[in-house]
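Below: one structure, written as structure tokens.
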Amino acid sequence: MTHLSSIQISEWILGERDPETERHLNACGKCHEEISGLQNGLMEFKQSVRAWSEHPAEMRVSASRMPLRVSWRWAGVSAGVTSIMMGIIMLVLYQDVQQAQRESKSAEDLLLLNQVHAHLTRTVPQPMEQLMNLMNDETGGPQ
Amino acid sequence: MERGVLSSAMTATMEDPVEELQDFDRVVQLYRPAVFRFILASLRDQDDAESLTQDCFLKAYRYRHQFRGDAALKTWLMQIAANLIRDLTRSRRFQFWKRAQSTAVCAHNLLEFVSSRDASPETTALVQERIKAIWTATGNLPEKQRAVFLLRFVEDMDLLEIAAVLGTSEGTVKSHLFRALHAVREQMRKLP
């Protein structure tokens with residue numbers, strides 16, 4: 001049996017079908033297998049090239065977005081760190097203010113206590129206190 | 001989404017090509033994948049393919065007023081791409097880099113995208129061998145034969161469209177295809 005020529009195979013692959021080639025392909029397993037293998041190979045080649053050409057496009061997009069993602073991430077991290085720092089500073093300032101308020105209040109309290117104590121320990125009315133002091137100085141103090 | 005793009009591509013092909021060219025953003029969106037794919041498969045270099053695809057659309061935009069609509073827009077864009085590929089492959093710079101480039105690495109890249117879903121390891125290996133054989137054979141083809149082969153078997157263009165892209169006759173395209181197919185068959189026969 002004479003197998004298909006290179007031209008006949010190419011014509012069949014290119015879609016030019018003639019009855020004689022078709023009859024031969026139905027009868028000859030070798031030519032049928034060769035044409036099937038070639039057709040499958042061409043189809044697989046097309047799919048691979050298409051997939052390959054689409055892949056770099058995705059990579060390009062992701063690559064171009066990557067620095068943006070990284071910067072967003074860093075922006076998030078720095079925003080978080082800044083917030084924490086601000087919080088600590090605010091807390092320290094708040095504690096300082098509270099401490100100052102507490103100290104001021106205790107000073108006021110102490111002053112008031114002293115005033116109360118002075119009032120309670122008074123032996124003569126307030127207008128006479130200066131006179132009593134003079135008398136204490138001359139007599140060497142009350143006995 | 002792909003269906004949307006496909007349907008818009010089909011609608012676009014039915015439109016008047018000159019009118020279609022008015023919305024250049026849409027032209028780029030519709031035809032960029034095919035142009036990039038053709039250039040990438042021809043040059044096998046992603047950077048060059050990127051750069052030439054940009055050049056192709058830049059040139060198309062610059063000379064859009066000269067497009068008379070005799071051919072489909074895709075044919076015209078592929079014609080520009082084919083000319084750019086020819087110019088680059090003839091430049092000394094490209095000859096140097098092409099020599100330095102390893103074909104095995106390229107084939108390896110391509111094989112990563114072999115669809116092997118639900119296939120046995122043996123079938124996947126067979127598919128990979130076939131693709132590798134075609135890749136090697138097309139790599140050794142003369143520039144015009146390779147362009148004809150890729151336009152026919154990757155871009156599914158008919159002989160008349162290919163003839164328009166390459167500025168040659170249908171008979172010449174057929175002759176290039178026969179030779180290219182013969183080379184591919186010879187390479188595939190070496191497979192175990």
Side-chain angles (χ1 to χ4, degrees), chain A residues 1-70, chain B residues 2 32-42 44-47 49-50 53 106-107 109-116 119 123-124 126-135 137-138 149-150 152-156 158-159 173-175 177-189 191:
Chain A
M1 184 192 279
T2 312
H3 291 296
L4 292 177
S5 69
S6 180
I7 290 177
Q8 280 175 310
I9 290 177
S10 298
E11 281 175 340
W12 185 267
I13 295 290
L14 292 177
E16 293 177 12
R17 308 288 156 94
D18 77 285
E20 194 191 330
T21 310
E22 194 167 5
R23 266 196 305 275
H24 179 83
L25 283 174
N26 287 333
C28 178
K30 190 174 179 284
C31 287
H32 187 270
E33 196 184 330
E34 184 171 2
I35 285 200
S36 298
L38 190 55
Q39 280 176 327
N40 289 338
L42 291 168
M43 181 59 72
E44 290 149 5
F45 178 74
K46 177 167 82 177
Q47 286 169 350
S48 304
V49 171
R50 288 183 173 223
W52 183 44
S53 72
E54 280 159 19
H55 185 73
E58 288 166 14
M59 291 292 283
R60 276 195 315 279
V61 171
S62 60
S64 62
R65 279 180 185 170
M66 205 170 290
L68 195 63
R69 272 187 205 156
V70 170
Chain B
E2 194 181 336
R32 195 191 182 283
V35 169
F36 176 72
R37 188 166 56 229
F38 173 54
I39 297 174
L40 180 67
S42 301
R44 304 179 172 198
D45 182 290
Q46 289 179 9
D47 292 335
E50 288 275 4
T53 307
C106 281
N109 286 345
L110 190 66
L111 293 178
E112 283 178 15
F113 301 100
V114 174
S115 173
S116 55
T123 311
T124 307
L126 178 69
V127 169
Q128 288 188 340
E129 285 302 317
R130 277 203 292 246
I131 292 171
K132 202 173 170 183
I134 298 175
W135 183 254
T138 50
F149 181 87
L150 293 172
R152 178 71 187 89
F153 293 111
V154 177
E155 296 308 320
D156 290 329
D158 62 37
L159 301 189
V173 169
K174 206 170 173 180
S175 152
L177 269 177
F178 280 9
R179 288 194 189 119
L181 276 173
H182 180 73
V184 167
R185 275 179 54 224
E186 287 300 311
Q187 193 68 40
M188 285 180 79
R189 274 183 182 167
L191 294 178

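Chain A is the first sequence line, chain B the second, and so forth, proteins listed ahead of strands; every chain is numbered from 1.
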* Atom group of B/Leu177 that falls short of 4.5 Å from chain A, counting heavy atoms -> side chain

* **Approximate separation, where rounding is to 0.5 Å, of A/Ser48 OG and B/Arg130 CZ** => 11.0 Å

* Structure fact -> On a heavy-atom basis, the closest approach of B/Glu155 and A/Arg50 is CA-NH2, 3.9 Å

* Structure fact -> One should read off an interatomic distance between A/Lys46 NZ and B/Arg152 CZ, to the nearest 0.5 angstrom, of 8.5 Å

* Between A/Glu11 and chain B, which part of the residue has a heavy atom less than 4.5 Å away: side chain, backbone, both or neither? -> both

* Asked: Is the A/Trp52 ring parallel, tilted or perpendicular to the B/Trp135 ring (thresholds 30°, 60°)?
  -> perpendicular

* Structure fact -> Here the gap from B/Lys174 atom NZ to A/Ser10 atom OG, rounded to the nearest 0.5 Å, amounts to 10.0 Å

* Spatial distance of atom OG (A/Ser5) from atom NE2 (B/His182) [nearest 0.5 Å] -> 11.0 Å

* Asked: Can you name the nearest heavy-atom pair linking B/Ile131 to A/Phe45, along with the distance?
  -> CG1-N, 4.1 Å

* **Region of A/Leu14 that comes under 4.5 Å of a non-hydrogen atom in chain B** => both

* To do: With sequence neighbours left out, write down each residue that passes side chain to side chain contact (heavy atoms under 4.5 Å, CB included) with A/Gln39, or none if nothing qualifies.
  => A/Trp12, A/Ile13, A/Arg17, A/Ile35

* Asked: How long is the gap from OG on A/Ser6 to CG on B/Leu181, to the nearest 0.5 Å?
  -> 8.0 Å

* For A/His32, side-chain hydrogen bond (donor to acceptor under 3.5 Å, both in side chains) partners two or more places apart -> none

* To do: Could you give me the CA-CA distance, side-chain angles and deciding distance for A/Glu34 and B/Arg189, then say whether side chain to side chain contact (heavy atoms under 4.5 Å, CB included) is met?
  => CA-CA 9 Å; A/Glu34 184 171 2; B/Arg189 274 183 182 167; 3.4 Å; yes

* Structure fact -> Checked B/Asp158, B/Ile134, B/Leu126 vs chain A; the most non-hydrogen pairs under 4.5 Å come from B/Ile134

* To do: Give a yes or no on whether the backbone of A/Val49 and the side-chain of B/Arg37 come within a donor-acceptor separation of less than 3.5 Å.
  => no

